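Below, chain A is the first sequence line, B the second, and so on; all start at residue 1. For clarity, every value in this text was computed on a predicted model and none was experimentally measured.
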2 protein chains.
Amino acid sequence: MEVENPKDIEQNPVCEVQCVHSDLIRTYVNQIITSAQANHLADLFKTLGDSTRIRIMDALSKAEFCVCDLAELLDMSQSAISHQLRVLRNSNLVKYRREGKMVYYSLDDDHVLRLYSQGLEHINEK
Amino acid sequence: MEVENPKDIEQNPVCEVQCVHSDLIRTYVNQIITSAQANHLADLFKTLGDSTRIRIMDALSKAEFCVCDLAELLDMSQSAISHQLRVLRNSNLVKYRREGKMVYYSLDDDHVLRLYSQGLEHINEK
DNA sequence: TTTATATATGAATATTTGTTCATATGTAGT
DNA sequence: ACTACATATGAACAAATATTCATATATAAA
């Protein structure tokens, strides 16, 4: 079947769908999360969206560990763990304290623990 | 500085770090989440780790919408929305009902709403 | 059964991201 | 200052993923 050159079709800068409930849209269009906030929130979940970081979070939900303990516990290189801890730090999911040469990590606060636990519950209930 | 050929270095199949707290490791090594569960949980968070899907979740946290409403509301193509709804469905985050030609989506349950809200709270508190 | 419209999906491309390797930084002890 | 060791990080490569485009499926009406 032949298709017209897209350039020939009259430009329609608006939405191409016809089934919209205009009243609903008008009501909610101003209540939706901003793009900036959506990006921010997506980044938080993205941080939790990696199995290595989940295993780190799981360990830290049970006790405080130094970097090399985590490497041993999860059987991964120190470098890989350290990279991932930085990602977790950037999302304020973990905090750390230095003691001599070692750096000990733990969950940032109880709120983070609850967020993690809610996720666990969700996958276990289905 | 010259580096020996890695092949010449004696193979050490164990961990290369020396600072491990062996007793801690022994205590927790059997309590860490399994790889399968970690993958599963990471997939859940990964699903939430995209700004388009966050905006869909945000809309659905406020009301039920059909696919083309979401496309209009978020100013995206029907195809893109539909692809992302499938991802959300696969993680049991949204459910849908068909009514004639239209398909209406909503959050799967209150637990999902709580998970989403916890995330929102986290980014707003910092 | 033909047409119109709402939604779903396979393939392809462009972008993002996790790990490794090599190396840098930071801290403590000699 | 020098050495040892714990942790951090830049660059590069491999793997995962979001959107677009084209098209398929599903439902309803004529």
- [ ] Would you work out how much the helix from C:dT1-D:dA30 to C:dT30-D:dA1 bends between its ends, with each end axis defined by five base pairs, to 10 degrees?
- [x] 30°

Open item on the list: Using a heavy-atom cut-off of 4.0 Å across all strands, would you classify A:Y105 as base, sugar-phosphate, or nothing?
Closed with: sugar-phosphate

Task: Min side-chain heavy-atom separation B:L88-B:Y105 under 4.5 Å - done: no

- [ ] Check the distance between D:dT17's C1' and B:R86's CZ and give it to me in whole angstrom.
- [x] 13 Å

TODO: Could you state the atom-to-atom distance from CG of B:L88 to P of D:dT17 in whole Å?
DONE: 14 Å

Open item on the list: So, using side-chain contact (heavy atoms from CB on, under 4.5 Å) as the criterion, who are the partners of A:K95 when residues are at least two apart?
Closed with: A:S106, A:D108

Validation: residues 43-51 of chain B side-chain donor-acceptor distances under 3.5 Å, sequence neighbours left out:
residue: B:T47; atom: OG1; partner: B:D43; partner atom: O; Å: 2.9
residue: B:T47; atom: OG1; partner: B:S91; partner atom: OG; Å: 2.7
residue: B:D50; atom: OD2; partner: B:T52; partner atom: N; Å: 3.1
residue: B:D50; atom: OD2; partner: B:R53; partner atom: N; Å: 3.1
residue: B:S51; atom: OG; partner: A:N39; partner atom: OD1; Å: 3.4

Task: Close residues, residues 92-101 of chain A, relative to DNA chain C [heavy-atom separation under 4.0 Å] - done: A:R98, A:G100, A:K101

- [ ] Decide whether a cation-pi geometry holds between B:R98 and B:Y104; the criteria are a distance under 6.0 Å from NZ or CZ to the six-membered ring centre and an angle within 45° of the ring axis.
- [x] no

Task: N/O donor-acceptor pair, side chain A:Q78 with base D:dA6, under 3.5 angstrom - done: no

Task: For A:D23, side-chain contact (heavy atoms from CB on, under 4.5 Å) partners two or more places apart - done: A:H21, A:R26

TODO: For B:R55 and B:L74, indicate whether the former's side chain and the latter's backbone hold a donor-acceptor pair under 3.5 Å.
DONE: yes

Task: Heavy-atom closest contact (A:L24 atom, B:E64 atom, distance) - done: CD1-O, 4.0 Å

Task: Distance in angstrom units between A:L70 CG and D:dA8 P, rounded - done: 11 Å

Task: Minimal non-hydrogen separation, A:K62 against B:Y28, with atom names - done: O-OH, 3.7 Å

Task: Pairwise distance CD(B:E99) to SG(B:C66) - rounded to 0.5 angstrom - done: 10.0 Å

TODO: For A:L85 and D:dT9, give me the distance from atom CG to atom P, rounded to whole Å.
DONE: 11 Å

TODO: Answer yes or no: are there more than 12 heavy-atom neighbours, outside A:H122 itself, under 6.0 Å from its atom NE2?
DONE: yes

- [ ] Summarise how protein sits on nucleotides 15-20 of chain C as a single string, 5' to 3': B when a protein heavy atom is under 4.0 Å from the base, S for sugar-phosphate-only contact, - for no contact.
- [x] --SSSB

Task: Short side-chain to backbone donor-acceptor contact, B:S61 and B:D58, under 3.5 Å - done: yes

Open item on the list: Please report the distance, rounded to the nearest Å, between CG in B:L74 and C1' in D:dT19.
Closed with: 15 Å

Open item on the list: Expressed as a whole number of angstroms, how long is the span from B:D69:CG to C:dA6:P?
Closed with: 11 Å

Open item on the list: Without decimals, in angstroms, what is the distance between B:R55 CZ and D:dA18 P?
Closed with: 14 Å

- [ ] Mind calculating the distance between CD1 (B:I81) and P (C:dT7) to the nearest angstrom?
- [x] 11 Å

